[in-house]
Asker: 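Pasting in a structure now, in structure tokens, and then I'll have a few things to ask.
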Amino acid sequence: MTAPIDSITGRYVYFDIEGRPHRVYFEESGAGIPLICLHTAGSDATQFRHLLTDVEIAKQFRVIAFDMPWHGKSLPPVGYHNEEYRLTTDLYDATISAFCDALDLDRPVLMGCSMGGRIVLHMADAHADAFRAVIGIEGSDHQAPWYDRDWLHRPDVHGGEVCAALISGLVAPQSPQEYRWETLWGYLSSGPGIFKGDLHFYRADSDYRDRVARIDTSRCPVYLMTGEYDFSCTPEDTIRTAKKIGIEAVIMEEVGHFPMSENPDQFRKYLMPVLAEIAGR
Amino acid sequence: MLDHLPDIVNANEPLVRRGRFFSCTFLVGIGATDWLIKISNGRVASATSGPHLMQSWQFSIRAPEDAWVAFWEPKPRPGFHDIFAMTKSGTAVIAGDLHPLMANLRYVKEVLESLRNQAADA
């Protein structure tokens, strides 16, 4: 064998979420402190492929990224064909908690982007002792909407095309074209109505503005990092949230809403000091 | 400001191909000047500045001239790098029948952004 092969192992794990059986796809690499990565709304864990192949990170962290049910290679639950997919705080919490239990992870670090950056705040509040730390990328306690979700899933507009075209502006102009289009592929290839269903959580069921101040960072440290080109979760949204929690927000230059996939080298500059701090605790 | 739009877009074969099912007239407002953009099967048939007397269009995108200038920078600064960044901040306003826009969103955004690439090549 002479062709390059990524140092990633992909497998499927079976467990129940809110009483329903699921088969969830996850990828992992490295050894050490478990670091769970949560993808953005309407995409999948491919977004973390650069992190999963980072030799330095793999020395200290067991990096694990899973496709949420209905996303990527994780199937929707049996009976999905008569349902409207709608993610909620409770369902997202149940999914993450069940995944951690299924893999028997010991106080993992929980890192998520966008909607993943929102739920980590809930998890730090609701399950402070279950996590070593949480990292919210493009995360905040709330943000203002900027389009009507009904455009995302209707028969006379192609769902994948419109989702990708909408969010394309959230990628920074400086990000390499290769990674810009790889990031957009996640949206182009998403299942029908899945981005919209994720946004139910993001827009309608995760206003944490009155909750984040009570997060006990002595039990569960919180890190928030946002790209300067993100007009969805803006740097102002993140800074406001960080102030309430009592931490410093990291604002990343020349990246947008998808740091880990749109410009992995730039993201790495900001992430490595955070991971080093967590590993040193 | 949009005089060269037909030449730029029509010379971009992948962009014309992506718009092959799209024919529409839309309005781009640059400050006080309205430009009517007529698209025919992915080609820009014409781009003409106003005043337009009794002309119909399906949707409009309007912003102040300095905002469009910032938008067309090769590497625009945050907030001026995307039409929705500009609408969220209130800098730009989109109106009219949004269906042809949303059904062909990548195409329309790339038509508008093609002037940015032109600046980068200059």
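Chain A is the first sequence line, chain B the second, and so forth, proteins listed ahead of strands; every chain is numbered from 1.
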Asker: Is the number of heavy atoms from other residues, nucleotides or ligands within 6.0 Å of NE2 (His4(B)) greater than 12?
Answerer: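 Open: at most 12 neighbouring heavy atoms sit under 6.0 Å from NE2 of His4(B).
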Asker: So which of Ala172(A), Gly227(A), Gly169(A) has the largest heavy-atom pair count under 4.5 angstrom toward chain B?
Answerer: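 When all of Ala172(A), Gly227(A), Gly169(A) are compared, Gly169(A) has the most.
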Asker: Side chain to side chain contact (heavy atoms under 4.5 Å, CB included), that's the test. Do Trp151(A) and Leu105(B) meet it? Break it down for me.
Answerer: CA-CA 11 Å; Trp151(A) 288 110; Leu105(B) 188 57; over 6 Å; no
Asker: Taking Asp148(A), Val162(A), Leu166(A) one by one, which has the highest count of heavy-atom pairs under 4.5 Å against chain B?
Answerer: Leu166(A)
Asker: Using a cut-off of 6.0 Å, state whether more than 12 heavy atoms not belonging to Glu253(A) lie near its atom CD.
Answerer: no
Asker: Show the nearest heavy-atom pair for residues Ala85(B) and Phe231(A), with the distance to one decimal.
Answerer: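 Residues Ala85(B) and Phe231(A), closest heavy atoms: CB-CD2, 3.4 Å.
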Asker: Side chain, backbone, both or neither: which part of Ile94(B) has a non-hydrogen atom closer than 4.5 Å to chain A?
Answerer: neither
Asker: When only pairs under 4.5 Å are counted, which of Glu161(A), Arg154(A), Gln174(A) shares the most heavy-atom pairs with chain B?
Answerer: Gln174(A)
Asker: Does CH2 in Trp57(B) sit with more than 12 non-hydrogen atoms of other residues, nucleotides or ligands closer than 6.0 Å?
Answerer: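 It does: Trp57(B) CH2 has more than 12 such atoms within range.
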Asker: Taking Arg106(B), Lys75(B), His81(B), Lys109(B) one by one, which has the highest count of heavy-atom pairs under 4.5 Å against chain A?
Answerer: His81(B)
Asker: Assess whether atom CD of Glu83(A) is packed by more than 12 heavy atoms of other residues, nucleotides or ligands within 6.0 Å.
Answerer: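 More than 12 within 6.0 Å, yes.
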Asker: Taking all non-hydrogen atoms of both residues, which atom of Pro76(B) and which atom of Pro173(A) are closest, and how far apart?
Answerer: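 That would be O-CG, 3.8 Å.
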Asker: Any chance NZ of Lys244(A) has more than 12 other-residue heavy atoms, nucleotides or ligands included, within less than 6.0 Å?
Answerer: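 Yes - once you tally the heavy atoms of other residues, nucleotides and ligands closer than 6.0 Å, there are more than 12.
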Asker: Under 4.5 Å from any heavy atom of chain B, what part of Ser232(A) do you find: side chain, backbone, both or neither?
Answerer: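 Backbone only.
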Asker: State the CG-CH2 distance between Asp82(B) and Trp146(A), to the nearest 0.5 angstrom.
Answerer: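 Result: 6.5 Å between the selected atoms.
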Asker: With a 4.5 angstrom heavy-atom cut-off, is it the side chain or the backbone of Ala144(A) that approaches chain B, or both, or neither?
Answerer: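 Its backbone and side chain both get close to chain B.
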